[in-house]
Amino acid sequence: MSGFARRLLGTTIVTAALAAAIAVYIAVFLTASPPSAGAVQTASGPHLYLGSVASAELSDQHPTWVSFYAVNATSTRWTHATTYVLPAHTLVHVTIYQFDSQTGLRNPLYGHATGMIPGTYTVDGKRVQGIDPTTAAHIFAVPQIGLTVPLEGISANAKNPCSNAPCSLSTAHHTMSFAFRTPGKGLYRWQCFVPCAAGFIQGNGGPMQTIGYMGGFLKIV
Amino acid sequence: MKEVNHFRRFLLWYLATTIPLTLIVVLVLAPGMPPGNGTVQASAVVADNTVFLGVASVIFMAVLVYFVYSLIAFRERNPSVVTEGPAIRGHPQIQLWWIVVTMGIVLFLTAYGTIRLLEGGSGGGQGPNPIAVPSPPAGTKPLQVQVIAQQWQFTYRYPAYGGVETPSIEIPTNTLVEFHVTSLDVIHSFWAYQLNVKADANPGVDNIAYAQTKGPLFFNVRCSELCGLWHGYMFNSGRVVPRAQFASWIALQQRQFGAARRSLPPYTRQYFPTPLRRG
C-alpha cells in the first residue's frame with residue numbers, strides 16, 4: 001500500500017469515527033430526558049410521595065445542594081426525580097416528608113396555602129391553612145394551577161436531623177399531606193419559592209436554578 | 001423629439017400609488033394593530049404607530065416607485081448601443097431639497113416622539129417620580145396596585161383594600177390605575193401587554209406606571225427581563241372588569257387572603273426582605 005493510500009485510509013477512518021461520535025452525542029442529547037416518577041395507585045386514587053432534604057445524596061454530582069426526591073410511602077426508596085407523571089383531571093393525593101430546616105419566606109404571602117382540595121392541608125396530621133412564614137423550609141408550588149403548599153422546616157434544635165438523602169422516617173421531619181385536582185394534559189412547572197439555596201447569592205442560585213433539585217415538571221398525561 | 005419630463009411623470013406615478021396606499025395603511029391597517037385600544041395608553045401607542053406608519057409609507061413608496069420607474073423608463077432596449085451616461089457633477093437644487101426634506105422628517109419625528117412621551121408615555125415605568133401623570137376620570141381617584149416580582153411569579157397588593165396581596169390581578173373599568181412595580185430579588189419587568197404597561201421591577205425601587213382603563217378587557221402579563229431558570233414561565237393574566245364585579249372580587253380576595261395578610265409586612269413602596277438564614 002502506497003503512502004498516499006495509507007494516509008487516505010487513516011484520514012477516512014478518523015473522520016468516520018469522529019462523525020459517529022458526533023452522531024451518538026446528538027442522539028443521546030435529543031433522546032435524553034430527566035428521570036421521572038409516578039404516583040402510586042391506592043384505594044383513594046393516585047398518591048405521590050415526595051421527600052425534601054437539606055443535601056442530596058453523597059453520590060450526587062452536587063451533594064451539598066438542597067433537593068426534592070420521589071420516595072415511597074415508607075421513605076425507604078428514594079429516586080432523584082423532579083418530573084412527576086400524573087393522570088389528567090384526577091384528584092391526586094400528595095405526601096411530602098420534609099427533612100430540611102427552616103429558612104423563612106422572602107414573600108410571606110406564600111405561607112398561605114392555596115389550590116388544595118379542600119382548601120386546607122395537614123402538617124403532621126394537623127389540618128391547617130398555612131404556616132408561619134418564618135418556619136418554612138420549602139414550598140411545593142405549581143403557579144399555573146394556583147397550587148401553593150408551604151412546607152414546615154424542622155427546628156434548628158431538632159434531634160437527629162438528616163444531613164443527606166436518603167433520609168429515614170426515624171430522623172427529624174415534618175409530614176405534609178394534601179390533595180389537588182390535576183389539570184388537562186401538558187407540562188406544568190413546579191418550583192420552590194423559598195430562597196433555600198445555601199451558599200448562593202440571595203439563596204436563589206444553584207439548586208434553585210437547576211431542574212432536578214428545587215424545581216421540575218408535573219407531566220400530566 | 002420632445003424631451004420627457006421624468007420628474008413630472010414620476011410624481012404622477014408616485015401620487016397615484018402613494019395616496020391610496022397611505023390611506024389604506026392609516027385608516028385601515030394601523031388602527032387594528034397591537035396593543036389595541038384597551039386603555040388610553042394603548043390607544044396612544046396605536047395612534048403613534050399610525051403616524052409613524054403613515055410617514056414610513058410615504059418614504060417607502062418614494063423609494064419603491066422611483067426604483068420601478070427607473071427600471072422601466074431608463075432601461076436601454078437595444079444592448080448594442082449601451083453607452084456610459086454623462087458624469088454626475090452635482091445638482092445643488094436637488095441636494096438642498098434632499099437635506100431639507102430628510103432633516104424635516106427627522107426633526108418632526110424627534111419633536112413628535114418627545115412630546116408624545118411627555119404627555120402620553122405614562123404606561124412606561126417612570127421611576128419613583130413620574131413626569132407623565134394622567135388625570136383620572138372626573139369623580140374618581142387613581143387606584144394603586146403594587147406589583148411585586150419575585151423568582152418566578154408576580155403578586156399584587158392593593159393598599160386601598162387593607163394591603164391585601166393576591167397572586168392574580170383584576171382592575172376596574174374606567175379607572176386610572178397607578179402601578180407601583182418593585183421586586184424582592186433580581187430585576188424583572190412587568191409587561192401588561194394589552195394595557196400598554198411595561199415597567200422594570202428592580203429590588204428596592206418603586207417604579208410607577210399608569211393605565212387608564214376603558215371597558216372590560218382580558219390582558220396578559222409577562223416578565224420581559226431574563227430573570228433565571230423559570231423566566232419563560234413567569235406569566236399570568238388579568239382582567240379589567242366592571243366596578244361592581246371588581247368590588248366582589250376584591251372582597252373575595254380579602255376573605256381568602258385575610259389570614260395571610262396578617263403575616264405581610266406593612267404596605268410600603270419597596271421592600272428589603274431581612275436576610276434569610278441560608279442566603
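The chains referred to below are lettered A, B, ... by the order of the sequence lines, with proteins before strands, and numbering in each begins at 1.
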>> Taking CZ in B:R269 as the centre, count heavy atoms belonging to other residues, nucleotides or ligands within less than 6.0 Å. Is the count above 12?
In response: yes
>> Only heavy atoms, only distances under 4.5 angstrom. Which residues in residues 212-221 of chain A are near chain B?
In response: A:G215, A:G216, A:F217
> What residues of residues 165-181 of chain A sit under 4.5 Å from chain B when you count only heavy atoms?
Replying inline: none
> Hey, does B:Y271 have a side-chain heavy atom less than 4.5 Å from the side chain of A:R106?
Replying inline: no
> Any residues in residues 87-98 of chain A near chain B, with a heavy-atom distance under 4.5 Å, and which are they?
Replying inline: none
> With a cut-off of 6.0 Å (strictly less than), are more than 12 heavy atoms of other residues, nucleotides or ligands near CZ of B:R243?
Replying inline: yes
> Which heavy atom of B:L264 sits nearest a heavy atom of A:L109, and at what distance?
Replying inline: CD2-N, 3.6 Å
> Between A:T210, A:N204, A:T148, which has the largest tally of heavy atom pairs under 4.5 Å with chain B?
Replying inline: A:N204
> Taking atom CZ of A:F193 and atom OG1 of B:T155, what is their separation to the nearest 0.5 Å?
Replying inline: 9.0 Å
> So, do B:P265 and A:P108 sit near enough that their side-chain heavy atoms are less than 4.5 Å apart?
Replying inline: yes
>> Using a 4.5 Å heavy-atom cutoff, which residues in residues 219-233 of chain B come close to chain A?
In response: B:G228, B:L229, B:W230, B:Y233
> Can you tell if the side chain of A:Y110 reaches within under 4.5 Å of the side chain of B:Q150, non-hydrogen atoms only?
Replying inline: yes
> Got a donor-acceptor contact below 3.5 angstrom from the A:H112 side chain to the B:Q256 backbone?
Replying inline: yes
> Between atom CD of B:Q151 and atom CD of A:Q202, what is the distance when rounded to the nearest 0.5 Å?
Replying inline: 8.5 Å
>> Hydrogens and angles aside, do B:Q153 and A:N107 bring a side-chain donor and acceptor to less than 3.5 Å of each other?
In response: no
> Is the number of heavy atoms from other residues, nucleotides or ligands within 6.0 Å of CG (B:L252) greater than 12?
Replying inline: yes
> Given that the side chain runs from C-beta out, which part of B:S263 has a heavy atom under 4.5 Å from chain A: side chain, backbone, both or neither?
Replying inline: both
>> Taking side chain as everything from C-beta outward and backbone as N, CA, C, O, which of these in A:Q129 sits under 4.5 Å from a heavy atom of chain B? Side chain, backbone, both or neither.
In response: neither
> For the atom pair CG (B:L184) and CG (A:L105), what is the distance rounded to the nearest 0.5 Å?
Replying inline: 11.0 Å
